[in-house]
Amino acid sequence: MTTTEYLARPPQPRAPVRLLCFPFAGGGASAYARWQCELDARGAPVDVLPVRLPGREGRSGEPRFTELAPLVEELDAALDEVLTSPHLLYGHSMGALIAYALIRRRQQRGATLPHAALLAAYRAPHLPPPRIDSEAGSGADASSGTDTDLARALVALGGLPEALLGHPEWLRALLPVVRDDLALCASAGSTGGPVRVPLHLFAGADDSLVRVPEVTAWRRYAARGCEVRVLPGGHFFLRTHERWLLDEVAPLVRRYGGRRTVHAAAS
């Protein structure tokens, strides 16, 4: 199989299903470092493939995308061979937007589709992209404010350890990634339509950035059915309540692992 910088390793050829995982804004593939082991322990046979976006972690020297369309075009080409086998997509926050846009592109050109999409902590496409507000309820857009504003807002959301506020050198490396990713989300616009795969939606009960009804609004994009699960935790329940999330993901892996590959008619 052709190798790609978007994956840390080649897929396992005998896995019954692949799970490609897309990161949240400012995050990287390491967010899913434990998933293979944890899903194995839950008896869910799967090949977990965290997606490595450029400009972070092991690809930190590469230019980042600030627009969604060219990133999705490149992902579609780079991962096409990987996506011809049975697979699922999981995306958290920004990752949910990327996963949906990739499905839309592949559906439009009649390429292989995932058995299902697992979309977490992001608003439905017809809603405005989430705005990271500064602390103390001021309502100011921290993404366009100072680094201190943005860092404190991320701490309040649970996306950044408070200890990092005392390490400006680390913030100088991290915050440009966050800003570029937020620009990418803003570039998506409100266009889009239903996808012909089941959608499994995950929302944090205490998420102050993306409310449960905003996640549930993805229902209008589900042409093959939709399920919603509300998990404990805030926007980053992927981190704080990983065990609860994987307890939900494992049965889905088992459910879809034995199904045949789905090919889309071009639309």
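We number each residue from 1, following the sequence as shown.
Between Tyr256 and His200, the ring center distance clears the sub-6.0 Å criterion.
Atom CD of Glu162 has 12 or fewer neighbouring heavy atoms from other residues, nucleotides or ligands inside a 6.0 Å radius. When the shell of 6.0 Å around CZ of Arg9 is examined, it contains more than 12 heavy atoms from other residues, nucleotides or ligands.
Atom CD of residue Glu38 and atom CG of residue Leu246 lie 6.0 Å apart, to the nearest 0.5 angstrom.
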Pair Arg109-Asp80, salt bridge (charged side-chain N to carboxylate O under 4.0 Å, His left out): steps then yes or no: CA-CA 12 Å; Arg109 70 178 186 86; Asp80 186 54; 2.8 Å; yes
Given the rule in the ring-ring contact (aromatic ring centres under 6.0 Å, His included) test, do His235 and Tyr122 qualify, once you have shown the distances and angles that lead to the verdict? CA-CA 9 Å; His235 189 66; Tyr122 201 79; 8.3 Å; no
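Residue Arg18 is tested with Val82, Val48, Val46 for a side-chain contact (heavy atoms from CB on, under 4.5 Å); the sole match is Val82. Under the side-chain contact (heavy atoms from CB on, under 4.5 Å) rule, Leu19 has a single partner from Asp47, Leu49, Leu89, Val249, which is Val249.
Under the rule for a side chain to side chain contact (heavy atoms under 4.5 Å, CB included), the partners of Ala203 that lie at least two apart in sequence or sit in another chain are Val212, Val215. Applying the side chain to side chain donor-acceptor pair (under 3.5 Å) test to Glu67 and every residue at least two apart in sequence or in another chain returns nothing.
Using cut-offs of 30° and 60° on the angle between ring planes, the pair His92 and Phe236 is parallel.
Across all their heavy atoms, Val72 and Leu102 have their closest contact at CG1-CA, 3.7 Å.
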Got a list of side-chain donor-acceptor pairs under 3.5 Å for residues 164-175, not counting sequence neighbours?
from	atom 1	to	atom 2	distance (Å)
His167	ND1	Glu169	OE2	3.4

